[in-house]
Amino acid sequence: MGRESVGISVSKKEDFSEWYTQVVLKAKLADYAPVKGLIVLRPDGYSIWESLKSTFDKKFAQNGIRNGFLPVLIPESLLGKEKKHFAGFNPEVFWVTHSGDNEVGDRLALRPTSETLAYTLYAKWIKSWRDLPLKINFWNTALRAEIKATKPFLRTSEFLWQEGHTVHSTEEEAREEVKKILEIYKNTVEEELAIPVVIGKKSEKEKFVGAVYTTTMESIMPDGKALQMGTSHFLGQNFSKPFEVKFADRDNVEHFAWQTSWGVSWRLIGAMIMVHGDDKGLVLPPKVAPIQVVIVPIYNSDEDKLRVMQKVEGIKEELESTSIRVHIDDRNELSPGYKFNDWEMKGVPLRIEIGPKDIQQQKVVLAKRYNKEKIDLILKDIEKVDLILKEIQKNMLKNAREQAERNTIEISEYTEFKEKMEKGGFFNAAWCGKQVCEDKIKEETGADIRVIPFDREKRYSKCIYCKEPSSMIPIFARGY
RNA sequence: GGGAUCGUCGUCUAGCUUGGUAUGAUACUAGUCUGGGGGACUAGUGGUCGCAGGUUCAAAUCCUGCCGAUCCCA
């Protein structure tokens with residue numbers, strides 16, 4: 001009894017959407033807030049975010065990027081300065097119309113993104129080529145009113161993210177920056193979260209409103225839908241002109257600057273849950289797990305307890321000396337079986353079980369979360385835990401990659417495309433580049449162009465829709 | 001944007017048709033026995049029925065509005 005109400009009550013395979021929501025809530029990553037579309041991050045969820053944040057911060061710093069802070073309110077007059085940008089975001093902006101009892105003249109937007117505010121300030125700060133490049137990243141939240149059904153981490157009206165905004169004196173340097181950032185994103189997501197991504201460009205239709213072009217990384221989820229994992233935009237001079245981000249070059253001629261902007265959000269956490277989780281709950285990659293190893297002591301008498309706990313403390317110290325994050329589950333009132341299930345729900349990568357029998361044999365039992373494997377480890381080999389965690393991290397990426405590959409297909413017949421799209425997946429299909437075809441495909445199959453992979457930008461074939469000559473093979477999929 | 005369904009202790013749920021202040025499970029608290037895969041027993045705590053208003057002697061139940069959630073279609 002009780003099993004159903006404590007654990008996940010549906011299987012990942014049969015009801016993916018319900019499964020996802022239950023994992024988020026029951027693993028205590030997040031909870032719903034009293035306002036539609038808003039969620040609350042709990043400590044277990046927030047530490048995953050903190051872990052990602054610290055990795056990104058290190059990599060950004062190595063690339064000469066520093067952190068700053070921007071306020072949340074942006075006057076309408078600023079937001080509207082770049083026309084297309086404004087038109088794109090306007091339908092989902094939250095507006096502040098009053099300050100206290102007084103109506104404000106120029107309505108204030110709760111930032112849907114900060115380009116317009118940042119660049120107003122950049123225009124003040126940048127005078128000379130000596131001020132460039134200017135590279136600032138902002139960790140904050142963005143607000144975009146979601147009318148559609150919301151999902152924790154994947155679609156919420158407020159989300160945690162970082163938005164980076166850089167300014168360069170040359171076009172080449174800005175384009176290079178866009179690329180560098182996307183590489184940082186890809187490496188981090190694959191190495192930390194063990195999720196494989198495909199990088200490339202967005203189509204004209206799908207690019208960031210106001211950008212010259214958008215580069216993106218996309219991943220496929222186990223239900224066959226695509227998730228945008230992060231974007232890095234080349235803004236050209238589209239913003240520097242209306243916002244007058246200008247600098248005097250070495251020859252004392254004034255030029256408009258070249259800009260980039262880029263961001264990843266807590267969607268990454270949602271992706272991690274979907275890709276790695278199973279019917280027992282969350283499965284965390286060791287690198288981002290708040291607790292990497294949980295020790296469950298087993299005993300049934302006071303003398304046993306004493307002996308076991310002594311051993312357990314020793315193991316903990318030894319593991320911590322190699323910077324492993326260890327937790328001892330010393331809750332006295334719960335049975336070992338309950339604890340096993342509890343930590344599996346929370347996704348802790350490795351569990352150590354140790355009881356009187358183990359002490360007698362000078363060993364412990366190791367249980368790996370991601371593949372449910374249970375093995376014995378001789379006590380004096382305890383330092384191998386570090387290696388095992390590394391191996392888990394590696395295998396999780398490998399498994400995810402294999403799964404992604406199984407869900408990716410080459411396709412050249414439109415009828416087959418339509419038919420198979422019902423089941424989802426990444427479809428490599430040729431495209432002529434015309435938006436009419438892109439629109440028709442979206443209308444008839446629900447799939448859009450997720451990404452045009454960099455290595456498939458110059459592949460010549462026939463458009464899947466109109467059969468006219470095509471010059472690229474994008475990935476089509478239904479998205480989140 | 002159009003349509004449908006729903007909202008009762010923390011969670012799931014009975015009651016709603018035929019108005020009379022709420023059922024059970026789980027969780028939680030305490031104790032005893034237990035303890036290597038969600039343990040048992042006993043005793044407790046907890047809800048005024050999403051919110052606001054209306055009808056009525058009386059509203060979880062009927063009516064109106066709002067808020068929120070889920071699903072389908074575009």
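Residue numbering restarts at 1 for every chain, and letters A, B, ... go by the order of the sequence lines.
- Across residues 37-48 of chain A, Gly37(A) each have a non-hydrogen atom less than 4.0 Å from an atom of RNA chain B (numbered order).
- To the nearest whole angstrom, the two P atoms, one in C28(B) and one in C63(B), are 39 Å apart.
- Residue contacts for Lys374(A): at a heavy-atom cut-off of 4.0 Å it reaches a base atom on one of the strands shown.
- Going from atom CD of Glu353(A) over to atom P of G35(B) covers 16 Å, rounded to whole Å.
- For the segment residues 356-368 of chain A, residues with any heavy atom less than 4.0 angstrom from an atom of RNA chain B are, sorted by number, Pro356(A), Lys357(A), Asp358(A), Val365(A).
- Under 4.0 angstrom from either OP1 or OP2 of G38(B) there lies no side-chain N or O belonging to Lys339(A).
- In this structure, Trp266(A) has its ring center at least 6.0 angstrom away from the ring center of Phe159(A).
- A salt bridge does not link Lys205(A) to Glu438(A): none of the charged nitrogens lies less than 4.0 Å from a carboxylate oxygen.
- By the 4.0 Å N-to-carboxylate-O rule, Asp304(A) lies close enough to Arg307(A) to be salt-bridged with it.
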Dot-bracket for RNA chain B, 5' to 3', with Watson-Crick and G-U pairs under 3.5 Å, [ ] for crossing pairs and | for other-strand pairs: what is it? ((((((((.[[[..)....(...]]].((((((.....)))))).....[[[[[..)....]]]]]))))))).
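- The side chain of Tyr338(A) lies closest to G39(B), out of G68(B), C71(B), G39(B).
- Counting heavy-atom neighbours within 6.0 Å of Lys311(A) NZ, excluding the residue itself, gives a total of 12 or less.
- The interatomic distance linking Leu334(A) (CG) with A27(B) (P) rounds to 11 Å, in whole Å.
- Relative to the side chain of Ile298(A), the nucleotides G37(B), G68(B), G35(B) differ in distance, and G35(B) lies closest.
- Annotation: G68(B) and A25(B) have their P atoms spaced 35 Å apart (nearest Å).
- At a threshold of 4.0 Å, the pair Asp386(A)-Lys384(A) does not count as salt-bridged, since none of the basic side-chain nitrogens sits closer than that to a carboxylate oxygen.
- When the P atom is used for both U61(B) and A22(B), the distance is 14 Å, rounded to whole Å.
- Atom CG in Asp31(A) sits roughly 12 Å away from atom C1' in U11(B) (whole-Å rounding).
- With a 6.0 Å cutoff to the six-membered ring centre and a 45° limit on the axis angle, Lys207(A) does not count as a cation-pi contact of Tyr213(A).
- A salt bridge does not link Lys434(A) to Glu204(A): none of the charged nitrogens lies less than 4.0 Å from a carboxylate oxygen.
- Contacts between residues 344-352 of chain A and RNA chain B, defined by a heavy-atom separation below 4.0 Å, involve Glu344(A), Arg351(A), listed by number.
- Partners of Glu383(A) according to the salt bridge (Lys or Arg N to Asp or Glu O under 4.0 Å) rule, which considers only residues two or more places apart in sequence or in another chain, do not exist here.
- Heavy-atom contacts from other residues, nucleotides or ligands closer than 6.0 Å to CG of Asp106(A) number more than 12.
- Atom P of G37(B) sits at a distance of 25 Å from the matching atom of U32(B), rounded to the whole Å.
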Sort me out a list of protein N/O and nucleotides 31-34 of chain B N/O pairs below 3.5 Å, or just none if empty.
none

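- A salt bridge does not link Lys13(A) to Asp279(A): none of the charged nitrogens lies less than 4.0 Å from a carboxylate oxygen.
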Run Asp329(A) and Tyr338(A) through side-chain hydrogen bond (donor to acceptor under 3.5 Å, both in side chains) and show every step you take. CA-CA 11 Å; Asp329(A) 189 350; Tyr338(A) 185 93; over 6 Å; no
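- Under the 30°/60° scheme for interplanar angles, the aromatic rings of Tyr465(A) and Tyr414(A) are found to stand perpendicular.
- Rounded to whole Å, the distance from CG on Asp342(A) to P on G39(B) is 11 Å.
- The neighbour count for Lys151(A) NZ, taken as heavy atoms of other residues, nucleotides or ligands under 6.0 Å away, is above 12.
- Rounded to whole Å, the separation between the P atoms of U23(B) and U70(B) comes to 30 Å.
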